[in-house]
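One is the number of the first residue; the rest follow in order along the sequence.
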Amino acid sequence: LVCFCLLVFASILAKESGVVFFLAGGMFLFLFARNAKRWVLYTVTCCMVTLIYLWLRLGVAGVPFAAKYPSAISQASLTERLLTLPYIVAHYIQILVAPIRLTIYDKTVINNAASPLFWGPALMLFAITVFGGLWYRRTKSRAFLFFALFFLVSLVPVLNIYGLDMTTADRWLYLPAIGFWGAILVMLYSITQGKRRLRALLVSGLLLLSVLYGARSFVRLQNWSSGYSLFGHDIQYVHGSFELMDNYAAELIKRGEYAAAIPYLEESIRLNPHWYRTRTNLGVAYQFLGDDKKAEEVYLDTIQYYPTPF
């Protein structure tokens with residue numbers, strides 16, 4: 001228990017979503033090792049670790065929790081963020097099953113329940129939930145229930161109930177993937193139990209799938225080799241994202257392509273005129289092009305949008 005809590009504490013120091021492991025540990029105890037004394041000890045230990053973390057973060061380091069981001073999902077109302085929930089979960093399931101197109105800076109926000117982007121994913125999730133419930137009712141598999149709950153719990157921090165810097169981000173799936181594939185594998189193991197040929201076929205299929213997923217991961221890693229390659233690739237598929245345009249333009253400026261960066265910066269400003277960093281980059285681009293007058297105008301505009309008064 002002590003080792004587990006220390007490891008979770010270390011994970012929380014690295015990223016706040018590590019708190020999910022506390023919930024996972026509680027679910028494991030409830031499903032596989034019910035003991036009142038152990039439950040009390042576990043709860044007290046988790047609370048102590050959490051308080052120590054809060055003291056270190058807020059009291060010692062003075063690092064507050066994230067402020068509101070300038071992203072579309074962060075600026076959306078709570079109702080809009082809740083309407084976007086089915087889209088987010090369905091998107092992540094699709095990426096886990098078929099990671100064909102991986103991008104960053106998803107800006108999708110659902111503001112109408114009549115939108116196909118709401119009721120389509122909502123119907124799909126309803127069907128998956130009913131199927132999962134019927135499967136558990138039939139098999140009473142605690143392992144399946146544990147992994148299914150782990151998937152749901154680990155998704156909570158990235159569901160944008162509290163607005164984050166983008167609607168979805170595929171790199172946030174590392175933890176939920178454990179629960180998702182754990183539940184799938186428990187189901188497949190149960191289906192093939194006592195069927196040697198079918199299990200051999202299943203193992204072969206999973207090995208092939210692992211190779212394909214590995215190849216897809218390798219290709220995506222090439223995109224992440226530099227900011228220029230990442231933003232240059234994703235800007236072909238993500239439209240209307242002021243952050244992506246601003247970041248791609250910044251990479252163009254680093255490469256000395258100042259004139260090429262300007263259209264992206266101007267479009268980024270059109271999409272979000274209050275994001276001061278884009279104006280700063282635009283001023284830099286004009287300055288390197290030798291247009292000091294235009295650069296000065298842009299820098300003066302930047303001052304009025306800067307979040308902290310000079």
Side-chain angles (χ1 to χ4, degrees), residues 16 61-81 83-84 87-88 102-112 117 158 160-172 223-310:
E16 293 86 346
V63 178
F65 289 98
K68 204 168 188 179
Y69 296 98
S71 62
I73 191 67
S74 182
Q75 300 296 323
S77 66
L78 177 61
T79 301
E80 290 173 327
R81 294 199 299 274
L83 287 173
T84 309
Y87 164 82
I88 294 174
L102 303 177
T103 59
I104 59 173
Y105 291 119
D106 180 3
K107 68 175 188 63
T108 305
V109 175
I110 312 300
N111 50 30
N112 188 348
L117 290 178
V158 296
N160 273 293
I161 298 172
Y162 176 86
L164 302 174
D165 52 344
M166 57 192 76
T167 304
T168 62
D170 304 329
R171 65 183 184 277
W172 294 341
N223 297 144
W224 279 86
S225 61
S226 69
Y228 177 76
S229 64
L230 175 64
F231 302 136
H233 170 272
D234 289 7
I235 204 168
Q236 302 174 60
Y237 305 105
V238 179
H239 305 289
S241 171
F242 75 90
E243 302 106 317
L244 182 55
M245 292 187 178
D246 180 33
N247 283 324
Y248 182 56
E251 293 298 325
L252 291 173
I253 291 173
K254 291 178 185 177
R255 294 167 62 89
E257 302 177 33
Y258 311 117
I262 289 177
Y264 292 103
L265 293 169
E266 290 177 340
E267 178 63 12
S268 178
I269 292 173
R270 186 189 70 80
L271 292 169
N272 187 352
H274 302 291
W275 187 231
Y276 66 95
R277 292 180 183 174
T278 308
R279 296 177 184 274
T280 302
N281 288 332
L282 183 60
V284 170
Y286 279 122
Q287 189 172 1
F288 276 111
L289 286 172
D291 193 342
D292 293 339
K293 183 178 180 181
K294 187 67 175 178
E296 182 181 6
E297 292 177 2
V298 174
Y299 286 142
L300 289 174
D301 283 342
T302 304
I303 293 174
Q304 66 175 316
Y305 289 104
Y306 197 80
T308 304
F310 286 91

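Distance alone, capped at 3.5 Å, is enough to place a donor-acceptor pair between the Q236 side chain and the G232 backbone. Judged by distance alone, the side chain of R81 and the main-chain N or O of A76 form a donor-acceptor pair under 3.5 Å. Under the 3.5 Å distance criterion, the side-chain polar atoms of T167 are matched with a main-chain donor or acceptor of T108. The main-chain N or O of V284 is found under 3.5 Å from a side-chain atom of Y299 such that the two form a donor-acceptor pair.
Relative ring orientation between W275 and F242 is described as perpendicular, the plane-to-plane angle rising above 60° on a 0-90° scale split at 30° and 60°. Taking the six-membered ring where tryptophan is involved, the planes of Y258 and F288 are essentially parallel, since the angle between them stays under 30° and well short of 60°.
Pairing each heavy atom of N111 with each of E80, the nearest pair is CB-OE2, 3.4 Å. Here the shortest heavy-atom pairing between G283 and A295 reads O-CB, 3.5 Å. Shown here for N281 and A250, the closest heavy-atom pair between the two residues is ND2-CB, 4.1 Å. The two atoms that bring V238 and I104 nearest to each other are CG2-O, 3.5 Å, heavy atoms only. A pairwise comparison of heavy atoms in K107 and A72 identifies O-CB, 3.8 Å as the closest pair. Taking both residues in full, the closest heavy atoms of A261 and I253 are given as CB-CG1, 3.8 Å, listed atom of the first, atom of the second, then distance.
For the 3.5 Å distance criterion, the side chains of E297 and Y286 fail to qualify, holding no donor opposite an acceptor. Between the side chains of D234 and N223, no donor-acceptor pair of N or O atoms lies under 3.5 Å.
When the options N160, T168, I73 are evaluated for a side-chain contact (heavy atoms from CB on, under 4.5 Å) with T84, the one that passes is I73.
The residues K293 and E296 are annotated as not salt-bridged, no charged nitrogen and carboxylate oxygen being separated by less than 4.0 angstrom.
Residues L230 and Y248 have side chains not in contact (no heavy-atom distance under 4.5 Å, counting atoms from C-beta outward).
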